[in-house]
Trainee: 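Can you read through this structure? Questions will come right after.
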2 protein chains.
Amino acid sequence: MDSATYLAAAEQHCSQQGCKLTAVRRQVLELVLRHQGVVKAYQILADLQKERGLAAPPTVYRALDFLVEQGLLHRVDALNGFIVCRHFECRHEGLILVCETCGQVGEVDAGSCLAALRAASAGMGFTVNPQNLVITGQCKECTA
Amino acid sequence: MDSATYLAAAEQHCSQQGCKLTAVRRQVLELVLRHQGVVKAYQILADLQKERGLAAPPTVYRALDFLVEQGLLHRVDALNGFIVCRHFECRHEGLILVCETCGQVGEVDAGSCLAALRAASAGMGFTVNPQNLVITGQCKECTA
DNA sequence: TTTGTGATGTTATACAGTAACATTTGCGAC
DNA sequence: GTCGCAAATGTTACTGTATAACATCACAAA
């Protein structure tokens, strides 16, 4: 799926949720798309300033928060960064793997494992936040 | 295990690893122990300043980094905080659950599930960082 | 005693995130 | 149209988190 298609799908997704992918939000999403892997808020801020001259942190954070809420982005706590979610429609059960060293992103289907984890956690009265199932470690290149 | 016992065990653990639980490091560990659940670096900094008058961020961060390296603490990325690891000897396979709202900490034995996750990730050439298996979500009280 | 190494102190600064309030924009009611 | 509301965005200033870079200290081996 190329960026244009993705953005169109994202726009449709938002309106289905009863909210709008406004110009700023769309632009921020585009900027995140342009990078591979993890991007930082202040990187996006710098990019945004190049494109539209002025922009302050709240502008970027508001857009990022919105996009995360809509499931279009994931936050990667370990890196204070954000990555694009390429299948926001399907409430995916795949785990996202992020390399702490290079920021490269992979994804592994771990539905059954996750179900077990959720069950175990639920037994302790604990609800796992499905948005936060981003696991960090080292990718092949960075391990070597 | 009370704090004194824990600290003694921690000291022994460090010397077995060929490094030292110095005064500052020990004091920081004590301060973390005194809180339940997650503590922030700047909270520890404030505590430390109360006890010894002067201390700057690097002092605290260096001690915390050391303690995390030694497996005595876990970092909780989602909260920019730290929690005590009470069984640093056994390379535990338990998942640590942290409530994003109140900082309460639980633990669930998820060895089999984790093994599956590691196997799946390894298939993609990705090494999961065992120190980072801290999952965030909502605890029973905060869900209600 | 010298010298090297690891730990700590110190200053300054970079990076991350948010509070609070002003302003604009889109849109339905009238 | 224009009034008034609500949502989004702009703006300023600040708080919180973390680290770079360099100085100093303490201790042990040569």
Side-chain angles (χ1 to χ4, degrees), chain A residues 10-11 14-15 17-32 35 38-49 51-70 72-83 100-101 103 132 136, chain B residues 10-11 14-15 17-32 35 38-49 51-70 72-83 100-101 103 132 136:
Chain A
E11 195 139 20
C14 287
S15 65
Q17 305 299 311
C19 54
K20 275 185 283 187
L21 190 65
T22 62
V24 187
R25 291 166 177 173
R26 186 192 176 91
Q27 197 173 0
V28 167
L29 182 54
E30 274 189 72
L31 290 169
V32 178
H35 295 264
V38 179
V39 205
K40 307 249 193 172
Y42 273 64
Q43 178 62 58
I44 295 299
L45 177 58
D47 295 350
L48 199 61
Q49 284 168 342
E51 296 204 349
R52 62 160 52 197
L54 32 68
T59 301
V60 171
Y61 280 102
R62 284 196 280 238
L64 290 171
D65 288 349
F66 171 86
L67 296 167
V68 168
E69 250 171 48
Q70 293 305 309
L72 298 167
L73 299 182
H74 291 290
R75 219 203 110 94
V76 184
D77 290 317
L79 302 172
N80 295 326
F82 299 84
I83 53 178
E100 284 180 328
T101 305
N132 273 9
T136 56
Chain B
E11 195 141 19
C14 287
S15 65
Q17 305 300 311
C19 54
K20 276 185 283 188
L21 190 64
T22 61
V24 187
R25 290 166 177 172
R26 186 192 177 90
Q27 197 172 0
V28 167
L29 183 53
E30 275 189 71
L31 290 168
V32 178
H35 295 263
V38 178
V39 205
K40 307 252 194 168
Y42 273 66
Q43 178 62 58
I44 295 299
L45 177 58
D47 295 350
L48 200 61
Q49 284 168 340
E51 297 203 351
R52 61 160 52 197
L54 30 69
T59 301
V60 171
Y61 280 102
R62 285 195 280 237
L64 290 171
D65 288 349
F66 171 86
L67 295 167
V68 168
E69 250 171 48
Q70 293 306 308
L72 298 168
L73 298 182
H74 290 290
R75 219 203 109 96
V76 184
D77 290 316
L79 301 172
N80 295 325
F82 299 84
I83 54 178
E100 284 180 329
T101 305
N132 273 10
T136 56

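Within every chain, numbering begins at 1; the chains are lettered A, B, ... in the order of the sequence lines, protein sequences first and strands thereafter. All values below were derived from every heavy atom in this structure, side-chain atoms included, with hydrogens, water molecules and symmetry-related copies excluded.
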Trainee: Counting only N and O atoms by type, is there a donor-acceptor contact under 3.5 Å from the side chain of A:Q49 to the main-chain atoms of A:L54?
Mentor: no
Trainee: If I take atom CZ from residue A:R26 and atom CG from residue A:L72, how far apart are they, to the nearest 0.5 angstrom?
Mentor: 11.5 Å
Trainee: Any sub-3.5 Å donor-acceptor pair from A:K40's side-chain atoms to A:F82's backbone N or O?
Mentor: no
Trainee: Do any N or O atoms from the side chain of A:R25 and from the backbone of A:K20 form a donor-acceptor pair under 3.5 angstrom?
Mentor: yes
Trainee: Distance only, no hydrogens: is a donor on one side chain within 3.5 Å (strictly under) of an acceptor on the other, for A:R52 and A:Q27?
Mentor: yes
Trainee: To the nearest angstrom, how far is B:L45 atom CG from C:dT10 atom P?
Mentor: 13 Å
Trainee: Taking protein heavy atoms under 4.0 Å as touching, what does nucleotides 7-25 of chain D look like 5' to 3' if B marks base contact, S marks sugar-phosphate-only contact and - marks none?
Mentor: -SBBBB----BBBB-----
Trainee: Just how far, in rounded Å, is C1' of C:dT8 from CG of B:L21?
Mentor: 15 Å
